[in-house]
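Below is one structure; the comments refer to it alone.
Any value given below was found using the heavy atoms of this structure, including those in side chains, with hydrogens, waters and symmetry copies removed. Keep in mind that what you see is a predicted model, and the values were worked out from it rather than measured.
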There are 2 protein chains.
Amino acid sequence: MITIKDVAKEAGVSVATISRVLNNKPGVSDETREKVLSVIKRLNYNPNLLGRNLRRMETKMVLVLLPAISNPFYARIVKGIEDVAQKNGYGVMLCNTDSDIERERMYLELLKNKLSDGVIFMAPEIDEEELNDIGEKYAVVQCCEYKEGANVSHVSIDNYKASYKAVKHLIGLGHKHIGLISCKNNFLSTKHREAGYKKALEDSGIEFNPCYIRHGDYSFKSGFRAAHGLLNDFKEITAIFAISDIMAIGAIKACYENGLKVPDDIAIVGFDNISFAPMYNPSLTTVSQPKYDIGCTAMELLIKQIKNKGGNKENIVLEHELIIRQSTVK
Amino acid sequence: MITIKDVAKEAGVSVATISRVLNNKPGVSDETREKVLSVIKRLNYNPNLLGRNLRRMETKMVLVLLPAISNPFYARIVKGIEDVAQKNGYGVMLCNTDSDIERERMYLELLKNKLSDGVIFMAPEIDEEELNDIGEKYAVVQCCEYKEGANVSHVSIDNYKASYKAVKHLIGLGHKHIGLISCKNNFLSTKHREAGYKKALEDSGIEFNPCYIRHGDYSFKSGFRAAHGLLNDFKEITAIFAISDIMAIGAIKACYENGLKVPDDIAIVGFDNISFAPMYNPSLTTVSQPKYDIGCTAMELLIKQIKNKGGNKENIVLEHELIIRQSTVK
DNA sequence: TATTGTTATGTAATCCGTTACGTAAATTGT
DNA sequence: ACAATTTACGTAACGGATTACATAACAATA
């Protein structure tokens with residue numbers, strides 16, 4: 001392997017000069033600089049970042065922990081993160097936690113072991129306390145999903161308002177019996193979306209029926225089953241709001257298999273506006289999160305923290321938007 | 001920051017002993033070992049891997065370069081890669097290249113700079129020569145998509161046979177005018193899938209009509225447009241084969257918007273069996289690749305190369321399967 | 001001419017953990 | 001009881017790049 005020493009010897013200068021050239025530092029004559037550069041090229045030298053990183057005690061790498069890359073919801077967010085990262089000279093490592101706390105902890109080792117300068121959680125599995133501990137020592141940002149108690153920055157939308165708006169849309173179309181497909185988990189977004197659903201009903205003088213809520217796990221199948229159950233048990237239901245697009249799509253599929261047409265017989269609203277939402281048949285009415293901006297903002301917060309050695313915690317709420325498509329209106 | 005020296009001082013032993021305990025090496029008495037472990041826990045010490053990696057000249061990290069994490073096709077493959085990696089003590093960094101050769105090169109620096117022990121390409125943008133150069137010095141595996149000329153291992157299916165089988169399925173259902181939605185790119189898979197299409201027609205005595213081929217870019221929209229064009233220009237077409245599921249889904253959507261029912265009026269076949277294929281309405285007939293196994297195999301090959309310092313190039317072809325769903329048969 | 005400042009470059013310490021080698025003590029064998 | 005072996009540890013070199021500090025050459029100023 002070629003090291004900085006080899007280059008120094010070949011160019012007839014010291015390693016310090018090579019280092020200065022590599023890092024574009026002043027104090028090197030143009031002549032020497034060019035000679036060094038040509039030797040670097042000739043020897044095909046690549047600086048060993050393990051050495052540099054050890055010395056500088058930084059890696060210019062950040063960790064992004066996501067429950068599943070298969071979830072299309074994250075794609076645009078990650079794009080935002082990557083674009084900002086690249087602009088600032090950072091690399092991004094995406095890591096799948098599979099919503100498994102052990103895997104999450106395993107990847108967090110990369111942070112503790114100095115192999116990464118900071119971390120963005122898409123949906124932390126660890127609890128408030130652990131998150132807090134990490135947040136005290138390292139640069140951490142939560143993105144979309146977050147733990148309320150933890151003193152750790154986050155970027156998200158107002159899920160309560162968004163959900164409220166989605167259900168109000170259905171009510172505005174004349175629906176009075178509206179099912180909800182939610183999830184059994186501790187996510188704050190879930191709690192807020194359920195609360196928004198209830199508030200919208202209440203504000204419109206519609207009585208809340210707890211039996212109209214079914215629980216899935218964000219999967220297509222769970223959405224399918226939940227909708228199937230709702231439609232069988234409550235013939236009066238004419239609309240369903242699902243707290244994720246994938247479950248909403250499962251619900252549409254269930255409607256069709258039950259001989260019901262969407263939106264003619266049943267209206268469906270999802271949440272997230274994943275890339276498949278406009279592709280589906282019928283295309284899906286849903287709440288759009290400004291995913292790209294969320295990603296950009298999260299990365300910007302993280303970089304700020306890295307630079308300030310962990311200072312400034314901030315919480316940022318971005319605007320959502322209801323996108324009306326075929327699944328509620330012809 | 002707490003270093004190995006602090007731990008050594010606190011435990012009253014030398015750094016060598018700490019290191020031996022950290023790495024489970026022999027030559028430490030049980031008593032000392034326990035004392036060291038308790039100090040490590042008490043001080044909340046995390047070894048700095050930058051030091052270790054520099055000394056060992058390895059990182060136990062591998063790079064996975066994929067064109068877009070938003071493409072659901074890669075999800076299961078990545079899962080396979082990760083599972084095998086974890087079993088062998090490797091971490092996986094996923095990196096989005098956006099099919100951008102510069103971004104790809106940027107991430108390849110991580111390999112050249114020793115921040116990663118090897119790389120798996122999902123679809124290399126760099127040409128044969130560059131790939132060859134990298135393959136000579138580093139551990140490299142190509143996964144699914146590959147460059148034929150490069151002397152670099154790959155894992156894939158037989159796209160020619162798979163495509164042949166898909167088109168034969170349509171012919172077996174009585175279709176004689178079959179459109180093809182392909183892509184304009186240099187992927188070998190594309191070439192092979194087109195060739196399989198032609199061969200299937202030929203073997204069944206159906207004349208190949210070059211106008212029946214339209215080109216997309218793997219996107220939903222491009223599939224939509226291609227199908228739209230085909231249906232408008234050639235009323236006799238009763239079936240369409242798309243070389244990717246997403247384009248096939250675009251095609252289905254186009255059919256519905258043209259007032260044609262799938263599969264009653266038009267049969268559609270896709271390729272890849274992404275997670276959305278069974279969810280779609282109608283569910284999509286498609287060619288399934290053993291994605292999880294492909295991922296596992298690729299990672300196994302890579303680990304073998306890392307251990308053998310770049311030796312043994314291997315090419316492995318895994319079996320595909322045609323999955324028949326609603327889009328071709330009621 | 002003596003002094004000060006500037007520029008280009010080199011020397012060596014440093015970052016943290018690993019490991020080859022050395023040593024002293026304990027154990028075994030005869 | 002003595003030599004040979006084993007065990008448990010320590011010392012210091014090492015990996016590659018960075019950087020504080022030192023130095024030498026030269027120019028500018030008084």
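Between the CD atom of A/Glu58 and the P atom of C/dT14 there is a distance of 21 Å, given to the nearest Å. Rounded to whole angstrom, the span from the NZ atom of B/Lys25 across to the C1' atom of C/dG17 amounts to 11 Å. For the pair A/Tyr45 OH and D/dA17 C1', the interatomic distance rounds to 7 Å; values are reported in whole Å. The interatomic distance linking A/Leu22 (CG) with D/dA17 (C1') rounds to 9 Å, in whole Å. Computed from coordinates, the A/Asn113 CG to C/dC15 P distance equals 19 Å when rounded to whole Å. Protein atom CD1 of B/Ile4 is 11 Å distant from nucleotide atom P of C/dT19, rounded to whole Å. We find that CG of B/Leu50 is positioned 15 Å from P of D/dG16, with the value rounded to whole Å. Atom CE of B/Met1 is separated from atom P of C/dG17 by 7 Å (rounded to the nearest Å).
Between B/Asp83 and A/Arg103 there is a salt bridge, since a side-chain N of the basic residue sits under 4.0 Å from a carboxylate O of the acidic one.
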Evaluate B/Lys79 against B/Glu82 for salt bridge (charged side-chain N to carboxylate O under 4.0 Å, His left out), listing each step before the verdict. CA-CA 5 Å; B/Lys79 191 78 174 60; B/Glu82 283 175 335; 5.7 Å; no
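Summarising the local packing, CD of B/Glu34 is surrounded by 12 or fewer heavy atoms from other residues, nucleotides or ligands at distances under 6.0 Å.
Residue B/Thr17 has no polar side-chain atom (N or O) positioned under 4.0 Å from OP1 or OP2 of D/dA8. Taking only side-chain nitrogens and oxygens, A/Ser19 never comes nearer than 4.0 Å to OP1 or OP2 of D/dT19. Side-chain N/O atoms of A/Arg52 include one lying less than 4.0 angstrom from OP1 or OP2 on D/dT18.
In this structure, A/Arg20 and B/Pro47 both approach DNA chain C, and ranking their closest nucleotides by distance from the 5' end singles out A/Arg20. Positionally, the nearest nucleotide of DNA chain D for B/Ser14 lies more toward the 5' end than for the other of A/Leu54 and B/Ser14.
The nucleotide whose nearest atom lies closest to any side-chain atom of A/Ala16 is, among D/dC9, D/dT19, C/dT18, D/dT19. Here the nucleotide nearest the side chain of A/Val28, chosen from D/dC9, D/dG16, C/dT9, is C/dT9. When distances run from any side-chain atom of B/Ser29 to the nucleotides D/dC9, D/dT18, D/dT11, the shortest one goes to D/dC9.
In terms of modelled atom types and a separation under 3.5 Å, the side chain of B/Asn132 and the main chain of B/Ala150 share no donor-acceptor contact.
Judged by distance alone, the side chains of A/Thr97 and A/Glu125 never bring a donor and an acceptor atom under 3.5 Å apart.
At the heavy-atom level, A/Asn53 lies nowhere under 4.0 Å from the strands shown.
A donor N or O paired with an acceptor N or O is found under 3.5 Å between the base of C/dT14 and the side-chain atoms of A/Arg55.
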